2 protein chains.
Amino acid sequence: MKTKDVNRAPKNEMVELPEGERPTLKTIAFMAGLGVTTVSRALKDAPEIGRATKNRVQLIAKQIGYRPNRAGVRLRTGKTNVISLVLNAQSEIMGLTSNMVYGISEILSQTPYHLTVTPYSVENDPMQPIRYIVETGSADGIIMSRTEPDDARVRYLTEHGVPFATHGRTEMGIEHPFHDFDNEAFAFKSAKSLLLKGRNKIAMMAGPTSAVTYHRHLERGFSRAIEEGKAQAILVPDIDVDTSLERIRDRTEEIMSGSNRPDGIVCCSGSAAIALVAGIEAAGLKIGRDVDLVSKQSTDVLRWFRPEIIVFNEDIRHAGRELARAVLRRIDGVDASELQSLSYPEE
Amino acid sequence: MKTKDVNRAPKNEMVELPEGERPTLKTIAFMAGLGVTTVSRALKDAPEIGRATKNRVQLIAKQIGYRPNRAGVRLRTGKTNVISLVLNAQSEIMGLTSNMVYGISEILSQTPYHLTVTPYSVENDPMQPIRYIVETGSADGIIMSRTEPDDARVRYLTEHGVPFATHGRTEMGIEHPFHDFDNEAFAFKSAKSLLLKGRNKIAMMAGPTSAVTYHRHLERGFSRAIEEGKAQAILVPDIDVDTSLERIRDRTEEIMSGSNRPDGIVCCSGSAAIALVAGIEAAGLKIGRDVDLVSKQSTDVLRWFRPEIIVFNEDIRHAGRELARAVLRRIDGVDASELQSLSYPEE
DNA sequence: TCCCAAATCTGAAACGTTACAGGTAGGCTA
DNA sequence: TAGCCTACCTGTAACGTTTCAGATTTGGGA
């Protein structure tokens with residue numbers, strides 16, 4: 001052994017831990033009388049390290065509370081241990097963000113991953129935060145929402161080989177991990193349930209601008225039900241989920257005061273439903289009597305206020321969990337086609 | 001010059017940018033015919049670098065889209081450029097998390113800082129995520145909520161010299177950055193407004209367990225108003241903001257069906273108010289007639305559903321902005337005593 | 001002309017980690 | 001006994017940055 005063993009602890013023997021500094025591989029190496037490389041390998045159970053050594057090293061590591069330095073690992077390997085949630089700040093549908101965050105965290109908390117949240121405003125290019133993350137390599141995986149049928153972000157990330165999962169589907173022939181709520185089923189069931197109540201002039205408050213994929217799903221489900229029920233669809237193209245609540249209420253009041261007013265409404269956002277209710281009641285009508293309302297919701301609010309409203313639940317927290325699991329597995333190299341899931345409206 | 005200038009670009013002359021790899025200081029140094037050190041310094045406007053050189057370096061950096069490698073900086077300096085938001089997942093009061101996140105992001109987006117969110121569950125030790133962050137040095141600053149009068153986290157972080165800001169005040173004689181909503185004023189004004197309506201048997205639905213500081217503020221404001229108005233305070237110690245909505249509703253129904261029922265209620269959480277309303281109406285009473293309700297809210301929901309409810313607004317998004325500004329300035333060494341702010345209930 | 005200080009610029013080292021390319025010891029085969 | 005293989009361990013280099021301790025150049029004063 002031609003090592004400069006001067007101030008290294010004797011091999012195969014432990015030693016008191018030194019100063020109060022944060023322990024590094026070197027600390028452990030010194031204490032165990034081993035080389036840094038060996039320690040590194042021992043901690044990750046590499047096959048070329050002896051059982052006894054591994055045990056010893058792992059014991060010391062645990063005892064002195066060693067935690068790998070993120071910056072060191074990241075600099076060397078490029079691995080960030082970060083999952084980035086990229087959200088549109090405006091399209092905050094009642095509790096979406098929180099539930100998404102908590103769902104994702106539930107999964108990540110059992111892993112070495114951290115969650116960073118990157119909101120962007122609707123006026124900005126949705127690509128911008130994505131490009132930033134990729135260019136600076138600031139995350140190992142991305143979760144994003146507001147997926148569009150032909151989504152530039154999906155294309156970009158796929159081309160760059162960056163793992164991601166989307167909340168919502170695309171229609172561009174690229175396999176990628178996603179989790180989606182079955183909005184077609186929701187719209188269908190919703191309209192159906194209105195038909196069952198004898199309603200036959202039915203309006204739908206659709207998802208945000210037709211740019212977003214699930215808008216199409218909603219329309220598909222809705223028209224199918226309308227056709228089957230031979231009912232009349234009343235189109236209200238000028239308001240959607242992104243419209244301000246004030247405007248939704250005012251417009252609803254207008255429509256509900258008009259001659260050809262709907263007697264049933266399907267609404268696909270909990271917060272919009274609140275404005276709808278306000279508009280309906282401002283027009284002097286009563287829910288459950290003059291008009292029925294079916295809404296999607298992600299929190300409990302609606303049920304409490306107007307029990308007459310029919311509600312199908314979308315569990316965003318569950319979506320968060322699914323999305324987190326999907327990116328993580330994608331990072332581990334699992335095939336994208338195995339990481340696609342759908343959840344169904346619960347009554 | 002005894003440098004090995006073999007493959008370095010001629011000094012004082014620019015050169016085409018090389019490969020498609022992510023540019024580093026070395027890339028710029030090569031292109032500018034300078035040393036890496038000089039480039040590093042030039043980019044941060046160090047005084048020992050000539051004007052001309054600085055301009056040249058900064059131009060190149062901009063042209064090739066240079067962005068410092070986070071891991072490199074972090075490894076060398078310990079600076080993470082991360083602000084960590086530590087939240088209790090259970091105490092999610094309607095939109096608190098989202099608004100907080102968006103408020104903070106608004107400020108951080110103009111800086112090199114990123115936001116990471118670390119939720120913990122109420123069963124767990126609140127110190128745990130804090131300790132983790134400090135021990136692993138994973139953030140430059142921390143924002144946390146649910147501040148207690150004697151808060152172990154505040155003590156710990158102060159001792160360790162880690163910058164932080166709290167949403168809520170402490171009462172432990174330690175100066176630290178905070179932002180708080182004036183809950184005493186809220187409770188006082190709320191109770192006052194009920195008195196003004198002629199109500200005189202008033203209950204308050206207080207904040208989460210008395211452990212949290214603002215609970216005291218609420219009680220102080222409330223009792224002051226009650227005394228001044230010579231009214232009767234009705235205590236409901238068994239439900240608070242952390243109680244499940246179901247339980248709040250049931251208990252409210254019980255109370256409101258009882259003989260000595262309040263004719264005015266102060267509620268300090270928007271979501272709890274919803275449950276209160278349900279309970280009140282389940283007891284066959286009408287808000288605005290049999291009983292008046294004042295509530296704090298952080299979103300628009302209440303106003304839409306029961307316009308009779310008197311509402312004081314707490315702007316959580318604004319709190320987020322204030323807190324972000326506070327930590328950032330604290331990181332820059334500003335004195336804690338200058339980073340304390342209060343916001344007042346808006347009608 | 002010479003020397004000195006100021007103005008600029010420089011390479012080497014270090015942060016903590018992992019990948020690479022060996023090295024050593026011991027046992028087994030021939 | 002020599003040679004070789006296996007099992008285990010090793011130091012060095014590199015990731016990109018900043019800090020340290022100079023080095024070089026320039027211009028001015030004597």
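This one's a predicted model, so the numbers in the text were calculated from it and none came from an experiment. To find a chain, count down the sequence lines: A is the first, B the second, and so on, and within it residues start at 1.
- If you measure from atom OH of Y66(B) to atom P of dG16(D), you get 10 Å, rounded to the nearest angstrom.
- Spacing between atom CD of E48(A) and atom P of dG11(D) amounts to 16 Å, rounded to whole angstrom units.
- Atoms CG (L34(A)) and P (dC8(D)) sit 13 Å apart, rounded to a whole Å.
- Ring orientation note: the planes of F164(B) and H176(B) are close to parallel, at an angle under 30° on the 30°/60° scale.
- For R70(A) against dT17(C), no side-chain N or O and base N or O form a donor-acceptor pair under 3.5 Å.
- In this structure, CD1 of I64(B) is placed 13 Å from P of dG16(D), rounded to the nearest angstrom.
- The nearest heavy atom of DNA chain C to T38(B) and to P23(A) marks one nucleotide each, and the one closer to the 5' end goes with T38(B).
- In terms of phosphate contacts, T53(A) brings a side-chain nitrogen or oxygen within less than 4.0 Å of OP1 or OP2 of dC9(D).
- Side-chain atoms of Y102(A) and T97(B) form a donor-acceptor pair, as typed in the model, at a separation below 3.5 Å.
- The CG-P distance, from N55(B) to dT8(C), rounds to 12 Å in whole Å.
- Counting to the nearest Å, the C1' atom of dT17(C) and the CZ atom of R22(A) are 12 Å from each other.
- Between dG16(C) and K26(A), no contact under 4.0 Å exists linking OP1 or OP2 to a side-chain N or O.
- In terms of polar N and O atoms assigned as donor or acceptor, the side chain of R41(B) comes within less than 3.5 Å of the base of dT10(C) in a complementary pairing.
- Comment: R155(B) engages D150(B) in a salt bridge, judged by a side-chain N to carboxylate O separation of less than 4.0 angstrom.
- Protein atom NZ of K79(A) is 20 Å distant from nucleotide atom C1' of dG16(D), rounded to whole Å.
- Between K54(B) and L75(B), it is K54(B) whose nearest contact on DNA chain C lies nearer the 5' terminus.
- Between dT10(C), dT17(C), dT18(D), one nucleotide has an atom nearer to the side chain of L25(B) than all others, and that is dT18(D).
- Across all strands shown, T37(B) has heavy atoms under 4.0 Å from base atoms, whether or not it also approaches the sugar-phosphate.
- Checked by distance alone, R76(A) brings no side-chain donor or acceptor within 3.5 Å of a matching partner on the base of dT17(C).
- At least one side-chain nitrogen or oxygen of S40(B) sits closer than 4.0 Å to the OP1 or OP2 atom of dT18(D).
- In this model, a donor atom of one side chain and an acceptor atom of the other lie less than 3.5 Å apart for S341(B) and H179(B).
- If you check every strand for non-hydrogen atoms under 4.0 Å, I49(A) touches sugar and phosphate atoms only.
- Across the protein-nucleic acid pair, L43(B) atom CG and dG16(D) atom P stand 15 Å apart, rounded to whole Å.
- The structure places CD of E338(A) at 9.5 Å from CD of Q340(A), a figure rounded to the nearest 0.5 Å.
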